[in-house]
Every structure is written in C-alpha cells, then in structure tokens.
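Only one structure is covered here, and it is reproduced in the block below.
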Amino acid sequence: MPTPELDIELDKFRELVGAALAEGGTQSLIKLTDEELAVLDPDALEDVVVPTPHLATLSDEQRQWVLGTALRSLVSRGAVEVTNIAELDAVLKSEGTDSGLTADVDMKVTPEVSMALTLRRTASRALAVEQQTSNGTVTAFVFVHSPELLLIEQVTGGGMHIFTLASKAQDAAKMVQALVDPFGVADRDGKTIRLDASALTTGAVDKSLARVIDNALVVSQLMVLDARPGPLLTTYASDREVWAVHVESPQDPTGITAQEVSERTLEERIVKLIKQPAA
C-alpha cells in the first residue's frame, strides 16, 4: 500500500495537472513505442494491463537489440538524459576483459514522459477498449484520475502508444467513439431489446441485431477495469448502423440489452462507462 506521504504527493500532482488542463483543455502528450516504454518502465510490462504488441512478436535476443536501439532513440529525441554516460562507457570498453564491470542506466526523463508513466500506473480505474477489424486489433485505455484529469493511451497494432491528456470525460469519450464508430454511421436510436445470457452464443437474437453482427466491419469491446468486474459494452458497426450490447455485470445474466444507437446515445454510453463509480 502507498504511504500517506506518497498519497498526498500524488493527489497534489493530480491537482496541479488538472488545473493546467482546465486552462488549456485536452491536449496531446507524447508518443512512445513498445520498446521505449520497456526501457523507461520495465516493471510496467507486468504491472500495467496495456499490451505491447510489437515486443510480443520478438525473441529474447531480438528484444535486447531493440531495447538498446530504443534507448538511443529516447536520448536523441531529448525525451531522456543519461546522467552516467562515463560509467556506461567504461563498462562497454571493459567488454571482453575480466574486469566484471557493470552499471545500471541512470536516466532523467522529461515532464511529459514522467506524466505519462505516472498517470498510467496510478489511476483509480480505467476503461479498456478493443477494436477489431479485418486489419487487426487496436486498443485504447482511459485512465481515470478525476473528472478533470484523464489519460488516454491508444495502442496501434504496430506497438505505438499515443498519449493524450483530457480535461473532461466527454473529450475522452469522443476519442473512444472514433474507434467504435470510425465510419460515423451511428445515426438513430432503435428499440431496446432484452437478451437472454445465451442469446449471443446460440444466435437466438433479433433479426436486426443478427444482421449487423453478420455484416459488422468493426467489433469493439469496452470494459471497466476496477477492483470488481464492471459493465461491458460490445458494439457492432457496419457501413450503415451501429448496435450496442450492454452487459451490466458478469454476475447479472438478466441485465443484457441491445439497441441500435445514434451518435449522441453512443457518446452518452461511453461517458457513463468512464464515469462509472469506483468499486
């Protein structure tokens, strides 16, 4: 558990960032690759739920090579300053000898990098989004710190992590909505259909819903990550319409509904997930 002192420091940090966002509004923060994140915060590969799709395809030997390249990239971009270069040089020069010299990289990072690493690790809850198309999978995470401070991390199939700071849930929802309905075809609200828990697996669903499932070009899943399982929203987007299937909780097999949704309703559904009360 964090110490009270660290809690106070984190709260102050959130307050300062939130106040700055209130003045400047939602803004891009930084872009980092899988391997750059692995260099900057190696423990996060296990501690943070965000995937690293590019690193996952590499062998151990390839991984070591790309991590070295990633460090050079970070330094050249000015995102990182290595403060013990002389010590590292001595280790490199000693390779092939019996000196046994070793050294850890001592790094200083920019405020943008520090902010991204801190906020993705310390959120009270998050909304996970997975978009599946014929081109592959794209994921995004909305890390919720307060109504005025949200970190959005979009992860491309190639392992690029795009960080954005949002000052309100509506801004974060619009970014998520662009993944869920990339063609902008959500234009009407249909009737709400209640589903049995086995309906989606057995195919015993309304003909309209079955049609969009069969013809979906984009299938997305949105899940609240918290101390206890939260709501799950699955969306199916064709070239004409978007349907949303909402599951209130895994323990509630009766709370499953499906509805064709308009742009406004889809945004409201996403905002509600982002604002879901913490467990």
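Note that this is a predicted model, so its numbers are computed, not measured.
Contact between T110 and G78 at its shortest, heavy atoms only, is CG2-O, 3.1 Å. Scanning both residues, P51 and H161, for their nearest heavy atoms gives O-CE1, 3.3 Å. E36 and A70 make their closest contact through N-CB, 3.8 Å (heavy atoms, listed as atom of the first residue, atom of the second, distance). The two atoms that bring P53 and G157 nearest to each other are CB-O, 3.6 Å, heavy atoms only. Heavy-atom minimum distance, I274 versus A173: CD1-N, 3.8 Å.
At a threshold of 4.5 Å between side-chain heavy atoms, the hydrophobic network of Ile, Leu, Val, Met, Phe, Trp and Tyr places L179 and F141 in two separate groups. No single ILVMFWY cluster, assembled from side-chain heavy atoms under 4.5 Å apart, contains both V261 and V212. Hydrophobic clustering keeps V271 apart from L150 (ILVMFWY residues linked when any side-chain heavy atoms are closer than 4.5 Å, directly or through intermediates). Hydrophobic clustering (ILVMFWY, side-chain heavy atoms < 4.5 Å, transitive): V176 and L151 are in distinct clusters. Under the 4.5 Å side-chain heavy-atom criterion for grouping Ile, Leu, Val, Met, Phe, Trp and Tyr, L29 is not connected to V142 through any hydrophobic cluster.
Residue W243 holds its CH2 atom at 7.5 Å from CZ of R211, rounded to the nearest 0.5 Å. Atom CZ of F163 is separated from atom CG of L119 by 9.5 Å, given to the nearest 0.5 angstrom. One finds the OG1 atom of T137 at 5.0 Å from the CD atom of E130 (value rounded to the nearest 0.5 Å). Distance check: D41 CG to L117 CG gives 5.5 Å after rounding to the nearest 0.5 Å. Here CG of D181 is found 8.5 Å from OG1 of T235. Values are rounded to the nearest 0.5 Å. For the atom pair I30 CD1 and I162 CD1, the distance stands at 12.0 Å (nearest 0.5 Å).
Of the options K272, Q221, M223, H246, a side chain to side chain contact (heavy atoms under 4.5 Å, CB included) to L233 is made by H246 and by none of the others. Each of E268, E267, E263 was compared with K174 under the salt bridge (charged side-chain N to carboxylate O under 4.0 Å, His left out) criterion, and only E267 meets it.
For the residue pair R269 and Q177, no side-chain donor N or O sits within less than 3.5 Å of a side-chain acceptor on the partner. For the 3.5 Å distance criterion, the side chains of S73 and S76 fail to qualify, holding no donor opposite an acceptor. Residues Q64 and Q62 have side chains that never bring a donor and an acceptor to within less than 3.5 angstrom of each other. Donor-acceptor pairing under 3.5 Å is lacking for the side chains of S238 and N215. For the residue pair T52/D34, the side-chain donor-acceptor check at 3.5 Å is not satisfied. Side-chain atoms of S262 and D189 form a donor-acceptor pair, as typed in the model, at a separation below 3.5 Å.
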- Task: Check the pair V109 / L74 against side-chain contact (heavy atoms from CB on, under 4.5 Å), numbers first and verdict last.
- Result: CA-CA 9 Å; V109 301; L74 289 167; over 6 Å; no
- Message: Please determine whether side-chain contact (heavy atoms from CB on, under 4.5 Å) holds for the pair L45 and L37, giving the CA-CA distance in whole Å, both sets of side-chain angles, and the decisive distance to 0.1 Å.
- Response: CA-CA 8 Å; L45 296 178; L37 282 168; 5.9 Å; no
- Message: Using side-chain contact (heavy atoms from CB on, under 4.5 Å), reason through T139 and V129 one step at a time and then give a plain yes or no.
- Response: CA-CA 5 Å; T139 56; V129 184; over 6 Å; no
- Task: Let me see the working for R188 and E241 under salt bridge (Lys or Arg N to Asp or Glu O under 4.0 Å), right down to the final yes or no.
- Result: CA-CA 8 Å; R188 66 178 294 272; E241 57 190 340; 5.9 Å; no
- Item | Test side-chain contact (heavy atoms from CB on, under 4.5 Å) applied to L165 and I152, step by step | CA-CA 6 Å; L165 285 175; I152 300 98; over 6 Å; no
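Side-chain contact check for V180 versus L222: some heavy-atom pair is nearer than 4.5 Å. Contact of the L40 side chain with the L32 side chain is registered, since non-hydrogen atoms from C-beta on lie closer than 4.5 Å. Residues P182 and V218 are in side-chain contact: their nearest non-hydrogen atoms beyond the backbone lie under 4.5 Å apart. For the pair V50 and V155, the minimum side-chain heavy-atom distance is below 4.5 Å. Proximity of V245 to T257: side-chain heavy atoms (C-beta onward) are nowhere separated by under 4.5 Å. You'll find the side chain of T122 reaches within 4.5 Å of the side chain of H145, heavy atoms only. In this structure, P231 and Q276 have side chains that are in contact, with non-hydrogen atoms separated by less than 4.5 Å. Contact check for T69 versus L67: no side-chain heavy atoms found under the 4.5 Å cut-off.
Around the CG atom of D60, the shell of radius 6.0 Å holds no more than 12 heavy atoms that belong to other residues, nucleotides or ligands. The 12-atom threshold is not exceeded at CZ of R240, counting heavy atoms of other residues, nucleotides or ligands nearer than 6.0 Å. More than 12 heavy-atom neighbours from other residues, nucleotides or ligands sit within 6.0 angstrom of CZ on R121.
Side chain of E46 to main chain of D43: no donor-acceptor pair is present (N/O by atom type, distance under 3.5 Å, no hydrogens or angles). A donor-acceptor pair under 3.5 Å is formed between the side chain of S124 and the backbone N or O of V144. Side-chain N or O atoms of T192 include none that pairs as donor or acceptor with a backbone N or O of Q259 at under 3.5 Å.
For E148 and K168, the salt-bridge test fails: no basic side-chain N is under 4.0 Å from an acidic carboxylate O. Ionic pairing of R63 and E35 is not present here: no N-O contact between side-chain nitrogen and carboxylate oxygen is shorter than 4.0 angstrom. Ion pairing between a basic and an acidic side chain is recognised when a charged N comes within 4.0 Å of a carboxylate O; E153 and K31 show no such pairing.
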